[in-house]
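Report on one structure; see the data block that follows.
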Amino acid sequence: MAFTNTVIDNINIGKLSIQDLKASELFDQLPVAVYTCDSLGRITSFNSAAAKLWGREPEIGKDLWCGSWKIFNPDGTPLPLDTCPMARTLKEGVAVEGEEIIIQRPDGSYRNILPYPVPKFDAGGTLIGAIITLIDFTGIARDIAFQKKADENQALLAAIVDTSDDTIISKTLQGMITSWNKAAERMFGYTKEEVLGKHISLLIPPARLREEEVIIGNISKGNKVDHFETIRIAKNGREIPISLSVSPVKDSTGKIIGASKVARDITLQKQTENRLHRDVKNLEILNALGKKITATMDARVILQKITDATMQLTGAGFGIFFYNKIDEKGVVNTLYASSGNPEAIELFKTHGNTGIFHSPFNGEKIIKIDQVTSEPGYSKDKPLYGMPLHFAIESYLALPVLSTSGVVIGGLFFGHPEPGKFTEEHELLASAIAVQAMVALENAKLYEEIRALNLMKDEFIGMASHELKTPVTSIKGYLQIVERNMPEGKSKAFVSKASLQVSKLTSLISDLLDVSKIEAGKLPFSYTVFNLRVLLNDIKDIMQYTNSSHTMKLLCPDKLLMIEADKQRFEQLIINLVSNAVKYSPDGQKVIIRAKASGDRIIISIQDFGIGIAADQLKRIFSRFHRVENLAGHMSGLGIGLYISQEIVNGHQGKLWVKSIPGKGSTFFIEMPVRRPLNGVHL
Ligand code: ADP
């Protein structure tokens, strides 16, 4: 098939002229795919570049110009054969210039092609075929596609960034803002136009400017900054607590050229954290207050602690607590405690409690005023709610303290010179405190009542024993005279027995008198120096004489055991313990008294082999009127012997304790200083 030579006419390359070359040779050497087809599209000739492009050699006169290869539109949709550029040229007899198509080669790979079909006519003007140049631009197409994809990705990313709820900002390493999304606009109040190109310090509080240096320092080293909690400033000056994550931005060569920041507003989180923190602190204060006020029974101390704690919890400028204490005769004694503004205290005091409880607590509810001076009833001369509020006070909080029966027994009043200081939370806290106050004050009252009753009882015991002592002493004297002058016989034995019982009565009365002396803090001691061994020996003999059921033993290695103490009280102490040893070992065996010096102290012990004492009773038996139930129930006694013994030992700066095994017996120990203590309180 002849190839047109119009293109190569008159081209001269040095000595070699193109005219010297065979058209078919030239055609074959062209790097561009060229082929010819007849009017039906059957391939009639092709060059090597065309075969290479198609991926195989076509069959001359058989394979169609394009139908033997699958063809597609640029967007990948199949292209119908009759609409492809080559078919159009053959159908319409016109040339088509480079309309992109994609072909699929036998190995499955795709090529992007720009076909240039030119129709060929015979001399009579009949279309006889076409000459088609195919330009393969697969590489370029890929770059374009890549660029397109990159553009698409960029657009997608921009859309994501813009619709993100998180604030996303990017900046150069010098801190110049280079991007700013919608969330950033919402968070900081600046539009993109206002901030692009501006320095990031626009958002940073002056005191935190150093942070930026640290962040940029990290980013320059390629490090990320994760969840850094800080504060930034919005356009309107509001400080926003944020959590910041900053990552380095690199160029295509991997060089760090800037930073992208994701900022999250953590105002709510911070508020929750702060609230939690505050709640814990408040609970601690309430708890500490609870402990403090239950540890005391003094109403004044309770009032003060309550006032101080409420001040602390509400942040009030002053606080006052009035308490109407009603005594048993119904007389009201108003106690108060205050803290903060002394002027307030004076005013409250001078006004007494006039109207204080009635006006504010008519409905027995809390009064909270944000701005006292703007209240309708406010006037400097006419105090609001009967209260002397005519000094610097704006916020006001008053709440009643009710008794368990619902009666207003007091009131808590708090003020602050600034308006709107008290919140609902303060109201709640103060109410919780008012309940604590009520419980503590009622306890204190109860305690006082019990104490008063106790005092009365002590007074009665003291008085009764005193009154009993005189007649019993004279009975005892008369009995002794009668006993001495009576002839031996049955009657004398009766009188002796009567005399013994009266002696017991005398010792009971003197024990009771001792108890009232101890209660009044008036148990006197008169110190002398004496040989304890002699005293113990005498006691042992007397006790042995009156208690033939038991064997009394004294084990005392030292002949001389000198001690400076109240001899009479000492005797009373040992007799008490030995009598108990006898009384609480009814199956009678022996009682052992031991004494020995140990440095500047003397240790005495009295051991019995009786009923013993349960472990949980060991401490309690030294309390006034305490007797071990069940075991000692059938053994007479008042439960005051050990109490007095303890007081005697304490008064000598000594120690008294017991070791015991139930069913096996008990040993009471006394440890006493040899010399009278310098700081001895009872002289
Ligand atoms: P009283 O003997 O009059 O009851 P005390 O004050 O002397 O009073 O003793 C208090 C309680 O301690 C006694 O009631 C008894 O239960 C217990 N007690 C005292 N001494 C002994 C002892 N040696 N053995 C067992 N229990 C004792």
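What you see below is based on every heavy atom in this structure, not just the backbone, and it leaves out hydrogens, waters and symmetry mates.
- Checked against T310 for a side-chain contact (heavy atoms from CB on, under 4.5 Å), the options L313, T314, D308 give a single hit: T314.
- Under a 3.5 Å cut-off, the side chain of S109 and the backbone N or O of R105 do not form any donor-acceptor pair.
- With a 6.0 Å radius and a threshold of 12 heavy atoms from other residues, nucleotides or ligands, N274 has its CG atom above the threshold.
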Go through the steps for D370 and K368 under the test salt bridge (Lys or Arg N to Asp or Glu O under 4.0 Å), then give the verdict.
CA-CA 7 Å; D370 283 339; K368 180 166 87 66; 3.6 Å; yes
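- Under a 3.5 Å cut-off, the side chain of W180 and the backbone N or O of T167 do not form any donor-acceptor pair.
- With respect to the salt-bridge test (charged N to carboxylate O, under 4.0 angstrom), the residues E59 and R42 do not qualify.
- The aromatic rings of Y396 and F413 lie parallel to each other, with less than 30° between the two planes, well short of the 60° mark.
- Within the 4.5 Å cutoff, the side chain of F46 has no heavy atoms near those of the D28 side chain.
- Residues passing the side-chain contact (heavy atoms from CB on, under 4.5 Å) test with T423 are E425, H426, sequence neighbours excluded.
- Screening V94, V96, T89 against E92 for a side-chain contact (heavy atoms from CB on, under 4.5 Å) leaves a single residue, V94.
- The side-chain heavy atoms of E194 and L202, taken from C-beta on, include no pair separated by under 4.5 Å.
- A salt bridge links R232 with E211: the closest approach of a Lys/Arg side-chain nitrogen to an acidic carboxylate oxygen falls below 4.0 angstrom.
- The shortest distance between side-chain heavy atoms of I231 and I240 does not fall below 4.5 Å.
- Taking a cutoff of 4.0 Å between a charged side-chain nitrogen and a carboxylate oxygen, D166 and K261 do not qualify as a salt bridge.
- Checking each of I71, D136, L79 against I103 for a side-chain contact (heavy atoms from CB on, under 4.5 Å) leaves exactly one that passes, namely I71.
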Worked check of side chain to side chain contact (heavy atoms under 4.5 Å, CB included) between I215 and I219:
CA-CA 6 Å; I215 293 173; I219 292 300; 4.3 Å; yes
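- The distance from atom CD of Q436 to atom NZ of K292, rounded to the nearest 0.5 Å, is 11.0 Å.
- The existence of a salt bridge linking E213 and R210 is confirmed by a sub-4.0 Å separation between a basic side-chain nitrogen and an acidic carboxylate oxygen.
- Scored by the side-chain contact (heavy atoms from CB on, under 4.5 Å) test, T77 finds N73, D75 as partners (sequence neighbours excluded).
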